[in-house]
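Notes to accompany the following structure.
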Amino acid sequence: MVGDGSSAGEAVRDEERGRLMEGAVRNDEQKKGGEDRETLYMEIESRSRNEEFARVAAAVFISRLDPTLEEIDDVKTAVSEAVTNAVIHGYGKQDGIIYIQVIIEGQTVSVEVRDKGAGIADVKKAMEPMYTTDTTGERSGMGFSFMEAFMDDVQVISAPGQGTCVTMKKRIGR
């Protein structure tokens with residue numbers, strides 16, 4: 001059958017492509033309290049190979065603040081850890097979408113990495129150094145510890161079966 005774009009499957013794919021293109025990168029500049037606010041939105045598939053893209057995109061976006069190389073590396077590492085947690089622990093072997101938002105307000109960078117995956121039953125326990133649910137021995141359990149070490153503030157909201165939202169903040173140019 002020759003498709004004319006009217007089949008249900010094609011319509012869903014077109015809608016999904018449009019949503020991804022629209023939501024992939026929206027840079028909104030707003031005035032808030034006298035400060036410029038800029039936002040980068042990304043949706044990436046929960047695949048390990050997309051972790052590098054997320055960290056580089058965040059680094060390029062915050063480069064307008066003229067950060068030091070150390071500040072860029074700190075943000076890149078934190079984004080990498082949060083995305084990796086979403087891929088490995090949030091979705092496991094299932095497909096899913098990771099939602100990333102980077103906000104610049106004044107000299108403060110806020111990064112939110114959110115998934116709709118497995119969620120975390122005990123956030124406090126999960127944030128302990130060396131704690132991991134990975135039974136293969138391939139994971140060190142240091143993801144949240146690295147996020148906390150490289151960012152000024154880390155907040156985690158999660159519920160089993162509902163997903164996880166990690167929000168991290170860092171002041172650039174102290």
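Since the structure is predicted, the reported quantities are computational estimates derived from the model, not experimental observations.
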CG-CZ distance between Asp95 and Arg47, expressed to the nearest 0.5 angstrom: 5.5 Å
To the nearest 0.5 Å, how far apart are OH in Tyr99 and NZ in Lys116? 4.0 Å
Shortest non-hydrogen pair, Val154 vs Val166, comes out as CG1-CG1, 4.2 Å
Indicate the atoms forming the closest heavy-atom contact of Lys170 with Phe150, along with that distance. NZ-O, 3.0 Å
Just wondering, do Val113 and Asn85 contact through their side chains at under 4.5 Å, heavy atoms? no
Minimal heavy-atom distance between Ile103 and Arg37, with the atoms involved, is CD1-NH2, 3.3 Å
Does Phe61 share a hydrophobic cluster with Leu65, counting links as ILVMFWY side-chain heavy atoms below 4.5 Å and allowing steps through other members? yes
Closest contact, heavy atoms only, Asp152 versus Arg171: OD2-N, 2.8 Å
Has Gln107 got a side-chain atom pairing as donor or acceptor with Ile172's backbone, closer than 3.5 angstrom? yes
Phe53 reachable from Ile88 in the ILVMFWY side-chain graph, under 4.5 Å edges: yes
Search all heavy atoms of Ala82 against all heavy atoms of Met168 and return the closest pair with its distance. CB-CE, 4.0 Å
Just wondering, do Phe144 and Glu81 contact through their side chains at under 4.5 Å, heavy atoms? no
Working to the nearest 0.5 Å, report the span between CD of Gln101 and CG of Leu40. 9.0 Å
If you define the side chain from C-beta out and look only at heavy atoms, does anything of Met151 sit under 4.5 Å from Val75? yes
At what distance, to the nearest 0.5 angstrom, does CG of Asp115 lie from CD1 of Ile97? 11.0 Å
Please report the interatomic distance CG(Leu69) to CG(Asp74), rounded to the nearest 0.5 Å. 11.0 Å
Between the CD1 atom in Ile100 and the CZ atom in Arg55, the distance rounded to the nearest 0.5 Å is 12.0 Å
Taking only residues two or more places apart in sequence or in another chain, which ones pass side-chain hydrogen bond (donor to acceptor under 3.5 Å, both in side chains) with Asn50? none
Residues 155-164, side-chain donor-acceptor partners within the protein, below 3.5 Å, at least two apart:
| from | atom 1 | to | atom 2 | distance (Å) |
| --- | --- | --- | --- | --- |
| Gln155 | NE2 | Asp153 | OD1 | 3.1 |
| Ser158 | OG | Ile120 | N | 2.7 |
| Ser158 | OG | Gly163 | O | 3.0 |
| Ser158 | OG | Thr164 | OG1 | 2.7 |

At their closest point, which heavy atom of Tyr91 faces which heavy atom of Ser46, and how far apart are they? CD1-CB, 3.4 Å
Using the test side-chain hydrogen bond (donor to acceptor under 3.5 Å, both in side chains), find all partners of Glu51 that sit at least two apart in sequence or belong to another chain. Ser80
